[in-house]
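Have a look at the structure below, then the notes.
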Amino acid sequence: MATHNELGKEGEEAAAAYLEEHGYTIRHRDWHAGKKDLDIVAEKEGTLVIVEVKTRRDRRFGSPEEAVDNRKIRHIIASTDAYIKHFKTDLPVRFDILTVTGTKPPFHIAHIEDAFFPPIWN
């Protein structure tokens with residue numbers, strides 16, 4: 001496995017552990033349905049929390065959350081819609097970004113709650 005893939009996997013492990021330590025229940029990790037995918041689907045206090053995890057070695061090329069652009073947001077929204085329909089979920093939804101920075105544990109983790117809202121498409 002490529003080094004960046006290993007770092008990404010370690011970052012998602014750290015992200016899931018962080019969320020559990022902060023009272024979230026992990027429903028799914030790396031959920032897929034065809035080309036739709038979500039990093040972490042969690043629940044806390046009756047809210048479905050969709051968490052996009054961005055892992056980077058450092059911030060030399062910008063902050064990890066900057067990688068969540070409009071195209072990525074549209075993909076996350078479409079994937080969330082598929083998830084909700086598949087599991088017949090009727091909970092309010094929140095979209096978070098969890099950034100993981102470093103080359104090995106312990107990583108620096110930043111949690112951005114309500115990182116974005118679903119856009120309105122015409």
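Heavy atoms only: backbone and side chains are in, while hydrogens, waters and symmetry mates are out.
Residues satisfying the side-chain hydrogen bond (donor to acceptor under 3.5 Å, both in side chains) test with S63, not counting sequence neighbours, are E65, E66. Considering only residues two or more places apart in sequence or on other chains, E43 meets the salt bridge (charged side-chain N to carboxylate O under 4.0 Å, His left out) condition with R27. K72 is linked by a salt bridge (charged side-chain N to carboxylate O under 4.0 Å, His left out) to E52, counting only residues two or more places apart in sequence or in another chain. Every side-chain contact (heavy atoms from CB on, under 4.5 Å) that T80 has, sequence neighbours left out, goes to L38, I50, I76, I84, V93, F95. Here D81 pairs with K85 under the side-chain hydrogen bond (donor to acceptor under 3.5 Å, both in side chains) rule; sequence neighbours left out. Remark: D39 pairs with no residue by the side-chain hydrogen bond (donor to acceptor under 3.5 Å, both in side chains) rule, at least two apart or across chains. Shown here are the salt bridge (charged side-chain N to carboxylate O under 4.0 Å, His left out) partners of D58, two or more places apart in sequence or in another chain: R60. Applying the side-chain hydrogen bond (donor to acceptor under 3.5 Å, both in side chains) test to D90 and every residue at least two apart in sequence or in another chain returns nothing. Shown here are the ring pair (Phe, Tyr, Trp, His ring centres under 6.0 Å) partners of Y83, two or more places apart in sequence or in another chain: H28, W31, F87.
Between G11 and T55 the shortest heavy-atom distance is CA-OG1, 3.4 Å. Among all heavy-atom pairs drawn from A15 and V100, the shortest one is CB-CG2, 4.4 Å. When every heavy atom of I109 is checked against every heavy atom of A14, the shortest pair comes out as CD1-O, 3.8 Å. Looking at every heavy atom in both residues, F107 comes nearest to G102 through CE2-O, 3.7 Å. Residues P92 and G46 share a closest heavy-atom pair of CD-O, 3.4 Å.
Residue pairs meeting the side chain to side chain donor-acceptor pair (under 3.5 Å) criterion with at least one member in residues 92-109, sequence neighbours excluded: Y24-R94, R94-D96, D96-H111. Listed by first and then second residue, the side chain to side chain donor-acceptor pair (under 3.5 Å) pairs that reach into residues 10-22 are E13-R29, sequence neighbours excluded.
Listed for the S79 side chain is no donor-acceptor partner under 3.5 Å among the backbone atoms of K36.
In N70, the CG atom is not crowded: 12 or fewer heavy atoms of neighbouring residues, nucleotides or ligands sit closer than 6.0 Å.
Cluster annotation: L91 and V41 are assigned to the same hydrophobic cluster (Ile/Leu/Val/Met/Phe/Trp/Tyr, side-chain heavy-atom contacts under 4.5 Å, transitive).
The distance from atom CZ of F117 to atom CD1 of I77, rounded to the nearest 0.5 Å, is 10.5 Å.
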